[in-house]
Asks: 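Structure in structure tokens, see below.
Atoms considered below: every heavy atom in the structure, side chains included; atoms not considered: hydrogens, waters and symmetry mates.
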Amino acid sequence: MNVQLRLTIDQISTAILLLSKDEKRILQERMPILLQPEAYEDAVERLGWLQAAESAFDFWHDPAEDIYDDLIPTFVQEGQ
């Protein structure tokens with residue numbers, strides 16, 4: 001059995017007016033996803049590619065190269 005709920009814009013607007021402050025904040029955060037789900041899906045896919053590429057930069061986490069960290073001068077503020 002397939003039941004579909006269909007509300008009018010006026011009904012949705014009234015329901016929004018009845019929400020608490022916290023519920024309105026949560027709804028506001030969700031609205032971009034609800035109004036443009038394809039944009040959300042694209043963002044998730046891009047994030048997946050970024051996470052997959054993250055391991056390509058593991059060579060920068062070489063402890064033997066930490067000696068070069070001291071080559072960058074640290075400036076002390078006057079009066080300290």
Side-chain angles (χ1 to χ4, degrees):
M1 184 164 123
N2 188 6
V3 178
Q4 187 175 6
L5 176 64
R6 179 93 176 127
L7 300 174
T8 66
I9 298 296
D10 289 336
Q11 290 170 321
I12 295 168
S13 299
T14 302
I16 291 172
L17 290 174
L18 297 174
L19 294 175
S20 70
K21 235 180 190 180
D22 288 337
E23 291 170 323
K24 287 178 183 178
R25 180 187 50 76
I26 293 168
L27 178 62
Q28 188 174 19
E29 290 171 0
R30 291 183 184 177
M31 286 306 289
I33 296 168
L34 296 171
L35 294 176
Q36 295 182 328
E38 65 281 348
Y40 174 73
E41 292 166 5
D42 289 346
V44 169
E45 183 178 347
R46 284 193 304 271
L47 180 60
W49 280 107
L50 286 173
Q51 289 175 338
E54 192 173 283
S55 64
F57 298 101
D58 283 344
F59 68 92
W60 273 338
H61 302 294
D62 184 1
E65 302 230 348
D66 287 347
I67 60 170
Y68 297 110
D69 292 345
D70 295 334
L71 295 177
I72 301 171
T74 309
F75 297 100
V76 179
Q77 293 181 353
E78 290 182 25
Q80 287 187 352

Asks: Do you know which two heavy atoms are closest between Gln11 and Arg6, and how far apart they sit?
Replies: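 Looking at all heavy atoms of both residues, the shortest contact is OE1-O, 4.3 Å.
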Asks: Report whether Met31 and Leu7 are members of the same hydrophobic cluster (ILVMFWY, side-chain heavy atoms less than 4.5 Å apart, transitive linking).
Replies: yes
Asks: Is any side-chain heavy atom of Lys21 less than 4.5 Å from a side-chain heavy atom of Arg25?
Replies: no
Asks: Is Ile26 reachable from Leu34 through a run of I, L, V, M, F, W or Y residues, each pair having side-chain heavy atoms under 4.5 Å apart?
Replies: no
Asks: Once you round to the nearest 0.5 Å, how far does CG of Leu19 lie from OG1 of Thr14?
Replies: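 Spacing of CG (Leu19) from OG1 (Thr14) equals 11.0 Å.
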Asks: Take a 6.0 Å sphere around CD of Gln36 and say whether it holds more than 12 heavy atoms from other residues, nucleotides or ligands.
Replies: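 Counting neighbours around CD of Gln36, 12 or fewer heavy atoms of other residues, nucleotides or ligands fall under 6.0 Å, so no.
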Asks: May I ask you to check whether over 12 heavy atoms, not counting those of Glu29, lie within 6.0 Å of atom CD?
Replies: yes
Asks: Is Ile9 linked to Leu5 within one hydrophobic cluster, defined over Ile, Leu, Val, Met, Phe, Trp and Tyr using a side-chain heavy-atom separation of less than 4.5 Å?
Replies: no
Asks: Give a yes or no on whether Ile12 and Leu18 share a hydrophobic cluster (residues Ile, Leu, Val, Met, Phe, Trp, Tyr; joining criterion: side-chain heavy atoms under 4.5 Å apart).
Replies: no
